[in-house]
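Heads up: the structure comes next, in structure tokens.
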2 protein chains.
Amino acid sequence: MSPRVSEEHLKQRRASILKAATGVFIEHGYEKTTMKHVMDAAGVSRGGLYQYFSNKEDLFEAILEEGLNEEAEQSLASLKKSSTSYWHLLMQIIFGEDATPDTNMDPLAPSKLEFFITGRNDERRRAYGERRYEMGLKIYADIIKEGQQAGEFRTTHHADTIARSIITFIDGLALDHAILPEEKVRLKEQSELFVQYLNYALIGADSSS
Amino acid sequence: MSPRVSEEHLKQRRASILKAATGVFIEHGYEKTTMKHVMDAAGVSRGGLYQYFSNKEDLFEAILEEGLNEEAEQSLASLKKSSTSYWHLLMQIIFGEDATPDTNMDPLAPSKLEFFITGRNDERRRAYGERRYEMGLKIYADIIKEGQQAGEFRTTHHADTIARSIITFIDGLALDHAILPEEKVRLKEQSELFVQYLNYALIGADSSS
DNA sequence: AATAAAAACGACATAAGTGTCGTTTTGGGG
DNA sequence: CCCCAAAACGACACTTATGTCGTTTTTATT
């Protein structure tokens, strides 16, 4: 009675599968990728793959979960550097470290949209999507509320409504970006305009930065 | 040599299939519906169905095309009643006849999103999506430009960028609405906030209507 | 080295959907 | 009333993906 098998290097294998799978999902999208694709990309057999993940949905959720952890860390890190202002903090969370609209997007975003849209009639998937939405919503809403309490943001609008609008806008951009070629979306211009919008809703002045 | 078969009642059958298919797509979404579903819903045999539509994609595009015609008519009709103002016209096109944000959404919208997202790697589908995007864009952009030329709208922003943002916002709402339950999206509140901003961006005043 | 637990493998049985094609039915013209 | 083109049918062959399961290979412990 001793754990005769390998140790925590199961983690490595699992991670390697997850990494390969991520690449596959990025390339083919959620619906179109098959376990075969993942097997080939990860260099693992059918049985081997199923030992770690019982199906595609399970696999994809594992990837989502990973991303969630990273995000959580990052936003926490940002929060700690929030010395400047709530506005800057908000920009950081939306646009990343440099707090400025750029042309980068999560390459997995299209697959995520697929995952939730095509699964919208599935009880479980729907509930999962809602949980994630709530989490994202809370992050934005909390900051806005704090900013309002600190007097930095005006209280003309409900923090909640504005937070929802942020998500809606980001989702819209992700969607358009998934479907249309780079040139047609104009990520940067639209983001800048959106920042102005936020500035208008939160501060009221006309200088966005 | 005489057209021995039925006459324009082919149209009726085609229309009836299309109608049934629309219902199926609304219920199951694009990816999940099968030709079998449509066959059953339309009360037509496999061979019969394939006589009218060579596959699911063909079928769905036929539905899209139908909608496009209706839209074109409607927006044209609206255009003719544009006596009031460009602002009102814009609101009408975005929110429909009564020009006010409500809670209604195209029930087929989720399936449309699916169709274009899952097909984003398909040359043909992608091109089709882009064409539709351009069409929508043009409608908004033209009105905004006209409004600017007429002096009703200010020219602070490119009409094009604003038009793109309108589409992005609508897409975002459609996406969230597809995934989340009614209560969580807050269609109305979000739309009202967006309208306020549009008003601000196009006119500058703070009274939205 | 021996060994045993379990990790990895891959063939297989199953399931589901697709598009075709030969046959049957139908309806309008002769 | 007959006829035949084509409309409608539905069985079929094919394809593709899934998840399981008995077998083989590792690998850490003894």
Side-chain angles (χ1 to χ4, degrees), chain A residues 1-21 23-25 27-63 111 114-115 118-119 121-122 124-125, chain B residues 1-21 23-25 27-63 111 114-115 118-119 121-122 124-125:
Chain A
M1 67 233 269
S2 43
R4 301 304 179 85
V5 285
S6 56
E7 76 294 9
E8 303 297 322
H9 288 63
L10 290 178
K11 279 189 187 173
Q12 285 192 358
R13 192 161 177 83
R14 192 188 133 99
S16 114
I17 291 177
L18 239 36
K19 186 177 171 185
V24 174
F25 280 125
E27 183 180 353
H28 298 291
Y30 180 75
E31 287 295 325
K32 295 266 175 62
T33 77
T34 70
M35 292 304 253
K36 182 73 164 53
H37 287 150
V38 177
M39 284 159 44
D40 293 345
V44 68
S45 72
R46 183 159 216 88
L49 176 56
Y50 274 86
Q51 196 133 22
Y52 288 86
F53 305 97
S54 53
N55 50 48
K56 191 169 68 167
E57 184 171 16
D58 185 28
L59 181 55
F60 194 76
E61 283 184 19
I63 293 174
S111 297
E114 252 184 86
F115 180 75
T118 60
N121 288 331
D122 177 72
R124 192 182 126 63
R125 197 110 124 223
Chain B
M1 63 237 269
S2 41
R4 299 308 177 85
V5 285
S6 57
E7 76 294 7
E8 303 299 319
H9 288 63
L10 289 178
K11 279 189 187 172
Q12 285 192 358
R13 192 160 178 87
R14 193 187 132 99
S16 116
I17 291 176
L18 239 37
K19 186 177 172 184
V24 174
F25 281 125
E27 184 180 352
H28 298 290
Y30 181 75
E31 287 294 325
K32 294 266 175 60
T33 79
T34 70
M35 292 303 254
K36 181 75 163 53
H37 288 149
V38 177
M39 282 159 44
D40 293 345
V44 68
S45 72
R46 184 159 213 87
L49 176 55
Y50 274 86
Q51 195 134 22
Y52 287 87
F53 305 98
S54 53
N55 51 48
K56 191 168 69 167
E57 184 171 16
D58 185 28
L59 182 54
F60 194 75
E61 283 184 19
I63 293 174
S111 296
E114 253 185 86
F115 180 76
T118 60
N121 288 331
D122 178 71
R124 194 182 124 63
R125 198 110 122 220

Extract all donor-acceptor atom pairs below 3.5 Å that involve side chains of residues 38-48 of chain A and protein atoms in other chains or at least two apart in sequence.
unit_1  : atom_1 : unit_2  : atom_2 : d
A:Asp40 : OD2    : A:Lys36 : NZ     : 3.1
A:Ser45 : OG     : A:Gly48 : N      : 3.0

Exercise for the section: Round to a whole Å and report the spacing from CG of A:Asn55 to P of D:dT20. Expected result: 9 Å
Practice task
To the nearest Å, give me how far apart CZ (A:Arg14) and P (C:dA7) are.
Solution key: 14 Å
Practice task
May I ask you to evaluate whether B:Arg13 reaches the phosphate of D:dA6, defined as a side-chain N or O under 4.0 Å from OP1 or OP2?
Solution key: no
Exercise for the section: Starting at atom CG of A:Asp58, determine the distance to atom C1' of D:dT18, rounded to an integer number of angstrom. Expected result: 14 Å
Handout entry: Nucleotide C:dA8, atom P - distance to CG of A:Leu49 in whole Å
Key = 11 Å
Exercise for the section: Go through the structure and list residues passing salt bridge (Lys or Arg N to Asp or Glu O under 4.0 Å) with B:Glu61, not counting sequence neighbours. Expected result: B:Arg124
Completion exercise
To the nearest angstrom, the CG-C1' distance between A:Leu10 and D:dT26 comes to 12 Å
Fill in the blank from the handout: Ordered by number, residues from residues 31-46 of chain A within less than 4.0 Å of DNA chain D (heavy atoms) are A:Thr34, A:Met35, A:Arg46
Pairs: protein N or O with nucleotides 21-25 of chain D N or O, under 3.5 Å:
none

Exercise for the section: Could you pull out all residues at least two apart from B:Phe60 that satisfy ring-ring contact (aromatic ring centres under 6.0 Å, His included)? Expected result: B:Phe25, B:Tyr30, B:Phe115
Problem - Divergence of helical axes at both termini of the helix from C:dA1-D:dT30 to C:dG30-D:dC1 - five pairs an end, 10° steps - result: 0°
Exercise for the section: Quickly work out the B:Gln12 CD to D:dA8 P distance and round it to whole Å. Expected result: 12 Å
Practice task
Nearest whole angstrom, please: distance from the C1' of C:dA7 to the CD1 of A:Ile17.
Solution key: 11 Å
Practice task
Answer with base, sugar-phosphate or nothing: what part of the nucleic acid does B:Tyr52 contact at a heavy-atom distance below 4.0 Å?
Solution key: sugar-phosphate
Completion exercise
Which of B:Ile17, B:Leu18, B:Leu10 passes side-chain contact (heavy atoms from CB on, under 4.5 Å) with B:Arg14? Answer is B:Leu18
